[in-house]
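Right, one structure below, let's go through it.
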Amino acid sequence: MEDEYAKLIKRMNPPRVTIDNNSSQDATVIQVESVNKHGTLLEVVQVLADLDLVIKKAYISSDGGWFMDVFNVIYHDGSKIRDEGVVNYIKKVLESDAFYVPSLNGSVGLKASDDYTVIELVGTDRPGLLSEVSAVLTHLGCNVVNAEIWTHNARAAAVVHVTDDKTKRAVEDPKRLSTIKKLLCNVLKGNNDLKTAKMTLSTPGFMHRQRRLHQIMFAERDYEKVEKTEEEKENNLGTRVTVLDCVEKDYTVVTMHCRDRPKLLFDIICTLTDMQYVVFHGVVHTGKMEAFQEYYIRHVDGSPLSSEAERERVMQCLEAAIERRTSEALELELCTADRVGLLSDITRIFRENGLCIKRAEISTEGGTAKDKFYVTDMTSNNPVDPKTIDSIRRQLGQQASLHVRWNSSQSSDPQPEETTMGFLFGSLFKGRTFQTLKFLKTVQVNSTV
């Protein structure tokens, strides 16, 4: 009965999405209103992240079962959303009964796994691990069509989509699947893996790779403190996370200040959602290189955080969410004709040239492989030698296009701005109802954009 009642309320109050290119001179303003449920905010942010949109500002409110968010977004080149196809796609997805639909470009996001086998891998990170994994898959007649690999705090996790080399379909033979699992587990364990290596074959259905990677890393407790390298300490200098009580309104207040980067908001909201916290109010603001975020949260049962140990755990988990995709690595973007064993050959070349893969995004489209690798020098913290890149170009051949650029996270530490999130949001709570807060947020959006 409760489910039917919720469906009735949703039919009476369908989601409304407004996309405005006139209110702001430098961004497209997207406003989303709908009946609220746990996970709604993540679903909206996920759609925007999968379109590679940059969220410059965001204002979040979900009072009394109603969800109203405003996002100021641009493309990476600073332009607004002018393409009517993209505008209609955003409206169609966010106004639908369920957000779980194929992504617009088909290479990132949610997709049915009927046409390929989804493999999840977890193990201790070490140089050359991806090369060994891809070599095993090639030996077993598996072609990697899509994959994403993350490393953090000495752990490595991957979600890999493979097809049978001959049938170009999912691998279904039980004996062959058993062999794949056995050999990959042996590779993941290595010689001295202190933690248990895991290899899982996911069931068919819908799955968002990046959200799944967050869940895998969280389950592996990669947020627990370990001795960081000097490079990792330098990368984390500008990251500040605080968790405080808001006794007046029975909230817990989470504030973050760190270097800005693509999909930062998605990573934060994904972590809070999977930890079973609800964001009731929030504000996001990005500067030239830094990002400020402030959220008023509670447990899904309506209670704020109750202990110092829990507050410390939230801080650790949010720091981990920020760090998983932050690295001073060199970004190598490769485009070439796809073939069986391509990933194995590429990663072998990287390993033989002394490069360590910190993160990777593998995709294929129309017979073309489009891969991104974030690499560091395997033996030192020094920048990758340009001669190494020249050597890799020669070994890849003229048919491969290799674009090299430093990750955008390489910059000086973020500097504090004159206004802080506590000022922007804290003053709104004094002597005002939450309905007034919604109105003030709308006014603030129109006045600041």
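Side-chain contact, D274 with H214: no donor N or O sits under 3.5 Å from an acceptor N or O. Using modelled atom types and a 3.5 Å distance limit, the side chains of R351 and S131 yield a donor-acceptor pair. Side-chain N/O atoms of R212 and Q215 include a donor and acceptor closer than 3.5 Å. Side chains of R261 and T326: a donor on one and an acceptor on the other come within 3.5 Å. A donor-acceptor contact under 3.5 angstrom links the side chains of H257 and R240, judged on distance only.
Ion pair K288/E290 not flagged as a salt bridge, since none of the NZ, NE, NH1 or NH2 atoms sits closer than 4.0 Å to an Asp/Glu carboxylate oxygen. Using a cut-off of 4.0 Å between Lys/Arg side-chain N and Asp/Glu carboxylate O, R311 and D245 are scored as salt-bridged. Between D267 and R324, no side-chain nitrogen of the basic residue sits less than 4.0 Å from a carboxylate oxygen of the acidic one, so the salt-bridge criterion is not met.
Geometrically, R298 engages Y251 in a cation-pi contact, judged by NZ or CZ lying under 6.0 Å from the ring centre and within 45° of the ring axis.
Put simply, the side chain of V283 does not reach to within 4.5 Å of the side chain of F292, judged on heavy atoms. When side chains are defined from C-beta on, T117 counts as touching I119, because their heavy atoms get closer than 4.5 Å.
Under the ring pair (Phe, Tyr, Trp, His ring centres under 6.0 Å) criterion, F266 pairs with H208, sequence neighbours left out. Evaluation of the ring pair (Phe, Tyr, Trp, His ring centres under 6.0 Å) rule for H38 yields no partner, not counting sequence neighbours. Listed by chain and number, the residues in a side-chain contact (heavy atoms from CB on, under 4.5 Å) with D301 are H299, S303 (sequence neighbours excluded). Taking the side-chain contact (heavy atoms from CB on, under 4.5 Å) definition, one finds that N21 meets it with T28, K80, R82, sequence neighbours left out. Shown here are the side-chain contact (heavy atoms from CB on, under 4.5 Å) partners of K92, two or more places apart in sequence or in another chain: there are none.
Atom CZ of F373 is separated from atom CD1 of I362 by 3.5 Å, given to the nearest 0.5 angstrom. With rounding to the nearest 0.5 Å, the separation of CD1 in I149 from OG in S134 is 8.5 Å. In this structure, L130 CG and R359 CZ are separated by 13.5 Å, a value rounded to the nearest 0.5 Å. Atom CG in L53 sits 6.0 Å away from atom CD1 in I30 (nearest 0.5 Å). Taking SG of C246 as the reference point, atom NE2 of H281 lies at 9.5 Å (rounded to 0.5 Å). Distance check, rounded to the nearest 0.5 Å: CG of L265 to CG of L41 gives 7.0 Å.
Applying side chain to side chain contact (heavy atoms under 4.5 Å, CB included) to P304 and the options T252, I297, V253 leaves one that passes, T252.
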What's the verdict on side-chain contact (heavy atoms from CB on, under 4.5 Å) for L332 and L334, showing C-alpha distance, side-chain angles and the deciding distance? CA-CA 6 Å; L332 303 179; L334 177 68; over 6 Å; no
CA sep, side-chain torsions, deciding dist, call: L355, V384, side-chain contact (heavy atoms from CB on, under 4.5 Å): CA-CA 8 Å; L355 297 185; V384 177; 3.7 Å; yes
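Minimum interatomic distance between V375 and I357 (heavy atoms only, all atoms of both residues): CG1-CG1, 4.1 Å.
In this structure a side-chain-to-backbone donor-acceptor pair under 3.5 Å is present from N153 to D222.
Evaluation of the side chain to side chain donor-acceptor pair (under 3.5 Å) test over residues 393-402, restricted to residues two or more places apart or in two chains, returns S391-Q395.
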